[in-house]
Amino acid sequence: MLDKHYDPIAVEEGKYAGWVEKGYFTCGDKTKQPFSLVIPPPNVTGKLHLGHVMDTIPDDIIARYKRMKGYDVLWVPGMDHAGIATQAKVEEKLRLEGISRYDLGREKFLEKAWEWKAEYGKTIHEQWAKIGLSVDYNHERFTLDDGLSAAVRRVFVTLYNEGLIYQGERIINWDPELRTALSNIEVVHQDDEGEFFYFIYEVEGSDEKLIVATTRPETMFGDTAVFVNPKDERYRHLIGKKVYNPANGELLPIMGDSYVDISFGTGAMKCTPAHDPNDFALAKKYGFPLIKVLDESAHMNELAGEFKGMDRYECRKALVEKIKKEGHLDHIEKFVHSVGHSERSGCVVEPMLSKQWFVKMRPLAERVLAQQKSSEKVEFLPKRFEKVLTRWMSTCEDWCISRQLWWGHRIPAYYNKETGEVLVSETEPDMNLYVQDEDVLDTWFSSGLWPFATLGWPEKTEDFDRYFPTSVLVTGYDIIFFWVSRMIFQSLHFTDRIPFQKVVIHGLIRDEHGRKMSKSLGNGIDPIDVIAKYGIDALRYFITTNSTPGLDMRYSDEKLQSAQNYLNKIWNAARYVEMTLGEGYVPEPIDKKALGPLEKYILSRLQDTIKKVTAKMEQYQFGAASGILYDFVYDDFCSFYLEMSKVSMAKKENEAMVKATLYKVIKDIVLLIYPYCPFVMEEIYLSLPGAKESVMLESYPEYDASLHSPAAERNGKLLEEMIKAVRGFKAERKIAPNAPVKLIVSPKSPWKGIEEYLARFLFAKEVRFEKVESAQMEGFSFGKVDIYIEEDVNEDELRANLEKELEKLLFEVSRGEKMLSNPGFLAKAPKEKLDAEKAKLETNKMRLEAVKQRLAGLK
RNA sequence: GGAUGCUUAGCUCAGCGGGAGAGCAUCGCCCUUACAAGGCGGGGGUCGUAGGUUCGAAACCUACAGCAUCCACCA
């Protein structure tokens, strides 16, 4: 027997370990159809946050649901080494100990990083257990493990041989703090207030002056020209002449190019090929030298002369001061412009010329675009996110994949010590002759292989044959570029298949005020705290049911409380059922012939619910599925049937049939909610008579058409409406709810035995069935049946009430008549709607007639 | 500059072609042995604005406004 109160903490304690031990999450039953999914691997940077819960709970619900539906489910767990992010954390930790990674050297540093991974990997495992992920630990992978590393090497070498990976000198985004290159999408642009410096450039051999504006004066040491638009009347005559660079006095040619925007700044632009991508393109066009003036930590090099060794901002300040002194500063403007920041370190990214490895994106992206036009495309839920993918795929530039870090997959490129020639190879060459490239790969390079590399690729494995492509992927819209797109193109290129059939996109979780959770705001919510307060089941329920696919949601304590109350409700309903069944009850199948009208009603409602919930589950619409279930549990079962069953139980001959019904309904409810809230549902399930070892050994409830009866539902609804009407009547008239009344049902009983229910729930001393002619009573019309309350009534009140009712009915009838006399409606509305409206009108007319008669009787 | 989403009850949000819904809050009545973390009964909305399509629009289309987010550019 269940305790009186649902205590989530006690309920959740210890269950997970048992499930894992029993092997409930282990895949491999070949008699079943396979269903597979991979976890979005959390970074080993630290503890899990609510975002991970968002990522993994829908997966878990899907996995548990599909298992109950009879699939052989493989859910692959794993973690991501998260190159930059983890390295930054480890470096920070070292910094607190007063050491830098350079003090340690590569090997020792990597040892520290692996220690870090071991520690946080353990924490993540504990948290998976806490949130109840039904992953198959036999299949756990790590992006840096041997298998994944082999896959990475295979992919790199193949792409290189195909000419899809190349090494090149280009302007890349440089993070001067972490001292590594970044890809374009690792740069976060934000509007910063800066200064726009207008400098005076003197034209050689003339008194003329040219004013050029820049936001980054420190790069002027690397300038090679000044550009103007040849259509610009102001400057056209200057093209071909030279100006003095106010930073170092060197002569710069004035060039004309239509790239220059006449209306921006002064219409004259300096060209710094090694520190600006657009200038780089211009320089290539005109064959200018590429002059770097910054080192890898963004300090000035020798070309800056007296400013050498200064940090870029220090130099900027000092240089401007110097130019001002020399009379070459025209003015300074405040200027808000978008500045790139490193996603990881937050520092301002410096565009810089650098030799890096790139993936040539066009051919790979084209393949994705072609695939998405075919019938075997990756389906996005919601659909619109497919556009996010295709737009990105059609515009993205080559992907810079090398990182000047140590934590990651080292690039399998080797340089001949003598000739410097590059050898790209999966296996290590003779290291007496070669040295390996120092750099590692972007962390997303390996996560892009996740769905197939975790299944054993490039080896031919049974897992790969059986479980690939995976069935579904759940992730947030924020990593469609980073992750989803890359998995798709890598998978298409290397396996000729899409990596997953469907992608379910969820939104981000925000704080109560709708703000992004962030460290700087200090508004992050630790799932562990939430679990300690409400239990994981409530959190799981909240996170998957209070959101719409693809839209952000707000964290809400209230909603968690409400989720917990809901679970408490089910808990207590189950408790009541168990009390009613009694000790030693042996579950019996439903005997359809023995069912009473209300049992038929609730079982039919249950079938309807199963049908609808299953349909929503199949579409991964958890909010919709749980909503349908919620209404059934609260309204149909708890508020109505459960109460009615108490009356049924009063008769000995009903006992068996009612018990069987109660048992069936509560058990199905438990099974239907189980994927959402496995811990508490397991607890309830185990307390039910005839329970197996675990709820996980049960099947998902199947729709049974033979129990689905609209007629039975109408009978139940009629009783429900009658009860509601009389209760409302009492409340409105300030009559105590339990004040005894007499009821007359006119003209006759709608179904056998209804009087007992009416009597019990309306505290009726008497329920009679007879044709009522008199209007001297309060009454309610339910179409073919009326119900009257025999009581001393105030005639004025009665009249007022009847008139109110009359007015309402007149409106309804006129609405119906209008609709049904509209030729357009008659001609075009579907037949179902037409019939429904006709029936409704008929009922309302009957009601109206009844009310009119009674009003007439009063006068 | 381009794209997407949002705007519905006091608050947070569902609904997305056939009579406005939920949770919380609010008001009234109930400690009725499943549940007071509860029950029963109420009140509260011209569904952002303006046009259009349709027999019928909160829902579809077009503009506009406000709020978000993403991408691109920014000398």
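Just so it is clear: chains get the letters A, B, ... in the order the sequence lines come, proteins before strands, and each one is counted from 1. These values consider heavy atoms only, across backbone and side chains, with no hydrogens, waters or symmetry-generated copies.
- The base of B:A34 lies close enough to the side chain of A:Glu643 for a donor and an acceptor atom to sit less than 3.5 Å apart.
- A salt bridge is absent between A:Lys808 and A:Glu805; no separation between the charged side-chain nitrogens and carboxylate oxygens falls under 4.0 Å.
- Closest to the side chain of A:Tyr634, out of B:C40, B:C6, B:G39, is B:G39.
- Using a 4.0 Å heavy-atom criterion, one finds that A:Phe761 contacts no nucleic acid atom at all.
- A donor-acceptor pair under 3.5 Å is absent between the side-chain atoms of A:Trp571 and the main chain of A:Asp7, judged by distance alone.
- Comparing A:Thr548 and A:Tyr576 against RNA chain B, the residue whose closest nucleotide sits nearer the 5' end is A:Thr548.
- Remark: the backbone N or O of A:Gln621 is not paired with any side-chain donor or acceptor of A:Lys616 at under 3.5 angstrom.
- Salt bridge present: A:Glu837 and A:Arg815 bring a charged side-chain N and a carboxylate O closer than 4.0 Å.
- When distances run from any side-chain atom of A:Arg384 to the nucleotides B:U12, B:A37, B:U4, the shortest one goes to B:U4.
- The nucleotide whose nearest atom lies closest to any side-chain atom of A:Asn572 is, among B:G41, B:C35, B:U33, B:C35.
- The side chain of A:Arg554 approaches B:C13 more closely than any other nucleotide in the set B:U33, B:C13, B:C35.
- Residue-level contact check: A:Pro823 touches neither bases nor backbone, having no heavy atom under 4.0 Å from any strand.
- When all heavy atoms are compared, the tightest approach of A:Met393 to A:Ala365 is O-CB, 3.2 Å.
- When each of B:A68, B:G23, B:C35 is scored by its nearest atom to the side-chain atoms of A:Ser562, the top-ranked nucleotide is B:G23.
- Side chain of A:Phe481, nearest nucleotide from B:C71, B:U33, B:U69: B:C71.
- Across all strands shown, A:Phe227 has no heavy atoms under 4.0 Å from either base or sugar-phosphate atoms.
- Within the nucleic acid shown, A:Ser556 has no heavy atom closer than 4.0 Å to any nucleic acid atom.
- No contact: A:Phe385 has no heavy atom under 4.0 Å from any strand.
- Distance from the side chain of A:Leu551 is smallest for B:C6 among the nucleotides B:C70, B:C6, B:A34.
- Within the 4.0 angstrom heavy-atom criterion, base atoms lie near A:Asn844.
- At the heavy-atom level, A:Glu832 lies nowhere under 4.0 Å from the strands shown.
- A:Lys840 comes within 4.0 angstrom of a base, heavy atoms only.
- Contact between the side-chain N/O atoms of A:Asn565 and the OP1/OP2 oxygens of B:G38 is found at a separation under 4.0 Å.
- Among the protein residues, A:Thr272 comes within range of no part of the nucleic acid, since none of its heavy atoms lies under 4.0 Å from any strand.
- Closest contact between the side chain of A:Cys638 and the listed nucleotides B:A3, B:A34, B:C13 involves B:A34.
- Using a 4.0 Å heavy-atom cutoff across all strands shown, A:Arg815 reaches at least one base atom of the nucleic acid.
- Nearer to the 5' terminus of RNA chain B, by closest-nucleotide assignment, is the contact made by A:Glu837 (compared with the other of A:Leu826 and A:Glu837).
- Taking atom P on both B:G10 and B:U32, the two are 35 Å apart, rounded to the nearest angstrom.
- Using a 4.0 Å heavy-atom criterion, one finds that A:Ser639 contacts the sugar-phosphate atoms exclusively.
- Candidate nucleotides B:C35, B:A34, B:A3 were compared by shortest atom distance to the side chain of A:Arg391, and B:A3 ranks first.
- Within 4.0 Å (heavy atoms only), A:Asp261 reaches at least one base atom of the nucleic acid.
- Salt bridge annotation for A:Asp257-A:Lys285: present, with a cationic side-chain nitrogen under 4.0 angstrom from a carboxylate oxygen.
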